[in-house]
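Computed from heavy atoms alone, side chains included, the values below leave out hydrogens, waters and symmetry copies. Letters go in sequence order (proteins before strands), and every chain restarts at 1.
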2 protein chains.
Amino acid sequence: MANEGSYVALGLKVWKAQIERADKLFGSLSSEEILREVAPGGNRLLYLWGHLTAMHDAMLPLLGLRERLYPEFDVAFVSNPDKSRAGIPAHEQVRQAWNAVNGELSKGLEKMSWSDWLQRHSAVSAEDFVKDASRNRFAILLSRTNHLSYHLGQAVLGLK
Amino acid sequence: MANEGSYVALGLKVWKAQIERADKLFGSLSSEEILREVAPGGNRLLYLWGHLTAMHDAMLPLLGLRERLYPEFDVAFVSNPDKSRAGIPAHEQVRQAWNAVNGELSKGLEKMSWSDWLQRHSAVSAEDFVKDASRNRFAILLSRTNHLSYHLGQAVLGLK
């Protein structure tokens, strides 16, 4: 039991470290800087921040914590590429949503016991989970942490 | 015990998935493509590949598996920025080193038991480990997986 808690604590520690990097990086940008592209012609930082917010929002139901806060972010930041739609949420809306979503997640993650983490996530059926028990909540945590790192690497380039 | 194995298996699964992405991305580049920059004036893909190789090579002693294969990569790809030195290892040398290092790592990781993962890594002293048991081998695996994701996000931009 003590050991199992150690693995979860490590997973959460790495998650939190990446969230803090993202807070610092995105949270300090001006309304001009947030519109910079990560590469010539590429995604704008605002799009990346909204994308991360939407993906983290979707973790709330995936981990069995609660319903989503901003399901409407998907159209703007997940299912369509940047600059393909006229009206996407503005800088301040994304900032507010990012803080709200990660605040909810942080509260929820703290409450999960180590045995919760090995339960299936909500996008896998009970039958499929019998066939592949690796589709659990800890897998979501690890893959979303890496997803965040991936886009942080890009965001840093937009600021140079 | 079964549960502890699950966490380790998940950590290894995410690690392997990122290694496969890197194999595909870097492994298929021509000798011209490997010299592209990830951003205007930024690191070249060759530098990123060498950097990842050096960091993974350093995991071998950190995880108690064996001595490093390419300690000389650090001068070229870790302690100095890209384009600051005349002679860095060439494309084919980096390819060979990447394959050798990740092959050795893969063999070593398979042999580790779940209890090995919670042992201290070799860069932390026994005294410091008593104070902070999170400085273990599983922490190295998670942080290096995120480090790889971070640079993969950048490498993708260099190919656009």
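- When heavy atoms are compared at a cutoff of 4.5 Å, A/Val38 approaches chain B by way of both its backbone and its side chain.
- Looking at A/Arg21, only its side chain comes within 4.5 Å of chain B, counting heavy atoms on both sides.
- Residue B/Tyr150 comes nearest to A/Leu152 through the heavy atom pair CE1-C, 3.8 Å, listed as atom of the first residue, atom of the second, then distance.
- The aromatic rings of A/Phe138 and B/Tyr7 sit perpendicular to each other, their planes meeting at more than 60°, with 30° as the lower class boundary.
- When hydrophobic clusters are built by joining Ile, Leu, Val, Met, Phe, Trp and Tyr residues whose side-chain heavy atoms come closer than 4.5 Å, directly or via intermediates, B/Leu157 is grouped together with A/Leu159.
- In the hydrophobic clustering of this structure, B/Trp98 groups with B/Leu35; members are Ile, Leu, Val, Met, Phe, Trp, Tyr whose side-chain heavy atoms approach within less than 4.5 Å, directly or through other members.
- Put simply, CG on A/Leu141 and CG on B/Leu10 are 10.5 Å apart, with the number rounded to the nearest 0.5 Å.
- For the atom pair B/Leu148 CG and A/Asn146 CG, the distance stands at 8.0 Å (nearest 0.5 Å).
- For A/Asn43, no part lies near chain B; criterion is any non-hydrogen pair under 4.5 Å.
- Contact tally against chain B (heavy-atom pairs below 4.5 Å) for A/Ala39, A/Ser115, A/Ala155, A/Ser134: the top residue is A/Ser134.
- Taking a 6.0 Å sphere around CD of B/Glu92, one finds it holds more than 12 heavy atoms contributed by other residues, nucleotides or ligands.
- Heavy-atom neighbours of B/Gln96 CD from other residues, nucleotides or ligands within 6.0 Å: at or below the threshold of 12.
- Hydrophobic clustering, with ILVMFWY side chains joined whenever heavy atoms are under 4.5 angstrom apart, groups B/Ile19 together with B/Val156.
- B/Ile140 and A/Val8 fall within a single hydrophobic cluster, where Ile, Leu, Val, Met, Phe, Trp and Tyr are joined by side-chain heavy atoms under 4.5 Å apart, directly or via other members.
- With a 4.5 Å cut-off on non-hydrogen atoms, A/Ala9 does not touch chain B at all.
- A distance of 10.5 Å separates CG of B/Leu142 from OG of A/Ser149, quoted to the nearest 0.5 Å.
- Residues A/Val124 and A/Leu62 are members of separate hydrophobic clusters, defined by side-chain heavy-atom contacts under 4.5 angstrom among Ile, Leu, Val, Met, Phe, Trp and Tyr.
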